[in-house]
Amino acid sequence: MAFWKPGSKKPEASLPLSAEVDREGPGDSGGRLVVFNRNENLALQAQRERLPIFKTRDAILHLVETRATTVLVGQTGCGKTTQVPQYLVEAGWTAGGRLVACTQPRRVAAMTVASRVADEMGVTLGAEVGYAVRFENVSTPGVTRVRFCTDGVLLRELMEDPLLSRYSVVMVDEAHERSLATDLLLGLLKKVQRRRPDLRIIIASATIQAEEFAAFFDTRHLEPKPASEASSVNAPSREPGIVSVEGRAHTVLIHYLEKPVPDYVKAAVGAAIDVHRAEGPGDVLVFLTGEEEIEAAVSMLQEEAEDNSRRLLGGGAGTNPAGGPERFTVHPLYAGLSPAQQMEAFRPAPRYTRKIVVASNVAETSVTIEGVVYVVDCCFVKQKAYDPTRGMESLLTAEASRASANQRAGRAGRVRPGKAYRLCTEKAFRDLPETAPPEMIRSDLAATVLQLKALGIDNIMNFEWLSPPPAANMIKALELLYALQAIDDDARLTKPLGMHLAELPLEPQLGKALLVSGELGCVEEMLTVSAYLQVQTLWVSPRGRQKRLDECRDRFAVAEGDAVTALNIHTAWCGGRARSFADKNMLSHRALVRASDIRAQLARHVRRVGLVVSSAGKDSAPVRRAMTAGFFANAAALAPHGGGAEGSAFRSVRGGATLFIHPGSVLFRARPAMVVYAAAVRTGREYMRDVTAIDPEWLSELAPHFYAMTQRSGNERPADAAAVF
DNA sequence: ACAATCCCT
């Protein structure tokens, strides 16, 4: 492997936090912390005390006691997620009926970590220890003391209880990931803390971002409280404390390329094969950016595996010079695969066989593959970007950050010391950005701004963002909300429309489409459409079965577009809700169940808002009118000459951009005169997804204010936006 | 000769 050069700094000094659940900890369960026979629990207690974090237990509790905010820096497997909430319980933070919250960016993490902690505390999940994720609230009012939840759930809770009055401590875990929800939550928590000095915040973060969080929460310069005020006597210091916990990960030796390579997919395949031939036992995890690359690499490796086993003839227990197996198997892993296909990548390899998993970013944070000792990293990621002038999100392949590459490398050090091979030179690596740009600054902000307004934050320009989004993104969001009549000329939330939109767990445009269905007499239908537009992978798409998929889709497809097609699917699915129905039609059973769950949740919201549930029966026009009333800003007209085999070209009504119908839409080959779309995304071309054919007349009828506004000056903005200029 | 990083209310 002459083309590899070991990194000059041997193991990475500090791998960032693993985003998954800390698994270190006592292996057994049972035993209880609130006990009458303490001896029973000695083994459990001893194991908890062996965790690296135990050494800093007192320091953590001291900081939480004396500081309003504590930043907790902890590496993979240090036990922070499972132990800190328990320390807080032991130290009395849940006395007097108060709760400790611990937020996670992902549902599975919230659920599994809650279950783990309940085991360690010897209580039933849902009693003293519970969790809350969308559709599932496993907790008991008055009994639950520690509550794990997604950060999205806590954000919603903030709308009902703006001071989070039930909580004594909120721990925001995996904060270094800088997801939109985490950033928003941290900004709001800072605000809450000003009115509730007793609220303690713990931010669990990777090393490189600890200072940034600490600086953000440092409020020593703000309004020193008069000494006469009783509450200030015991008020904690406004200077955040930082505490660092050592991890338990094994060292990972990093290798770099001596020279850059022109094709990283081929290079990744070559590196995986080199590792297989030269290294000892242990599975290989290869990071590439997306499905196309992954499938290409898998087929190359598959070919090699077949040649390889032909060469080996029988035998089966052969080893290479380093003692590694001679045989290997190959598995793709990305979120678009069905659960059954994903399982293949997790199943341990047969004896005398090495497993090579070629994965997307799912394997960086969301899931862990046991047994990985070698990582190959292409050092690229697919990253969302937002173009405010076009109101369009795009997905571009970008350089990975060093933090992300370190996280990937860390996947090799879970079971024993490992090795990581980066497909770039060491110099190129040093030039990579330290961290990825926070999601907040590259996202459509309409829903975020709406939520802030609903929380009474009227001047969003003055909101203390952890990373302020570009002004253009905020203006775009305000313009859209204004056009939807969710905010008025003074940029205040309208009543009741704006309020209701903020309460719905939908993007504002779709929320508007759902709310107007009351007047249009198609609430039943719009509940279904709204729910189906929320699920991403409705169709199963195994490679090489494109024809069959098209046939299946044609069974439900109608010329009115994807929304009306969803109605057909839902009606057919409701016939028996059978898995066999899903399989027969190449639909994802899981997605159908999820759509039904979302539909039920939306139905509850809609009833609370006072909509009378109505149905338009077989007439699709009201549904398409409702879609127009929500997505009028996303209208596009068939271009006179455009298009060919790649689909018809359209021109956006506002802006005149050239757009194509996404190949996944039922209207891909159709040529409707006018459409509205729920989302536009740029990959190679600019594509419209979730497309509905409409009557052009409807635009001026259902959104006169918007189209009149565009014609008059094209320039009118609500007050909040105007203030920037 | 057509497309899909990843999460979440």
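Letters A, B, ... mirror the listed sequences (proteins, then strands); counts begin at 1.
The interatomic distance linking Arg553(A) (CZ) with dC2(B) (P) rounds to 14 Å, in whole Å. As rounded to whole Å, 12 Å separates atom C1' of dT5(B) from atom CG of Leu288(A). When the C1' atom of dA1(B) is taken as reference, atom CZ of Arg669(A) falls 11 Å away, rounded to whole Å. In this structure, CZ of Arg604(A) is placed 13 Å from C1' of dT9(B), rounded to the nearest angstrom. Glu292(A) places its CD atom 13 Å from the C1' atom of dT5(B), with the value rounded to the nearest Å. With rounding to whole Å, Asp173(A) atom CG is found 15 Å from dC8(B) atom P. In this structure, the CG atom of Leu455(A) is 13 Å from the C1' atom of dT9(B), given to the nearest Å. Summarising the geometry, the separation between CD on Glu393(A) and C1' on dA3(B) is reported as 17 Å, rounded to the nearest angstrom.
Each of dC8(B), dT5(B), dC2(B) was ranked by its minimum atom distance to the side chain of Tyr687(A); first place goes to dC2(B). When distances run from any side-chain atom of Ser366(A) to the nucleotides dT5(B), dC7(B), dC2(B), the shortest one goes to dC7(B). When the nucleotides dC8(B), dC2(B), dT9(B) are ranked by their closest atom to the side chain of Pro663(A), dC2(B) comes out on top. Among the nucleotides dA4(B), dC6(B), dC2(B), the one closest to any side-chain atom of Arg685(A) is dC2(B). For Arg134(A), whose side chain is taken as the heavy atoms from C-beta onward, the closest listed nucleotide among dC6(B), dT9(B), dA4(B) is dT9(B). Among dC7(B), dT9(B), dT5(B), the nucleotide with an atom closest to any side-chain atom of Val133(A) is dT9(B).
Listed by residue number, the members of residues 528-539 of chain A with any heavy atom below 4.0 angstrom from DNA chain B are Gln534(A), Gln536(A).
An OP1 or OP2 oxygen of dT9(B) is reached within less than 4.0 angstrom by a side-chain nitrogen or oxygen of Thr150(A). When the side-chain nitrogen and oxygen atoms of Thr683(A) are compared with OP1 and OP2 of dA4(B), one or more of them lie within a distance under 4.0 Å. Phosphate contact (OP1/OP2 of dT9(B), side-chain N/O of Arg107(A), threshold under 4.0 Å): present.
Listed by first and then second residue, the salt bridge (Lys or Arg N to Asp or Glu O under 4.0 Å) pairs that reach into residues 437-449 of chain A are Lys384(A)-Glu439(A), sequence neighbours excluded.
Ionic pairing of Glu157(A) and Arg147(A) is present here: one or more N-O contacts between side-chain nitrogen and carboxylate oxygen are shorter than 4.0 angstrom. Looking at Arg106(A) and Glu177(A), a side-chain N of the basic residue comes within less than 4.0 Å of a carboxylate O on the acidic one, giving a salt bridge.
In terms of polar N and O atoms assigned as donor or acceptor, the side chain of Arg156(A) comes within less than 3.5 Å of the base of dT9(B) in a complementary pairing.
Scanning for ring pair (Phe, Tyr, Trp, His ring centres under 6.0 Å) contacts around Phe380(A) gives Tyr264(A), with sequence neighbours left out.
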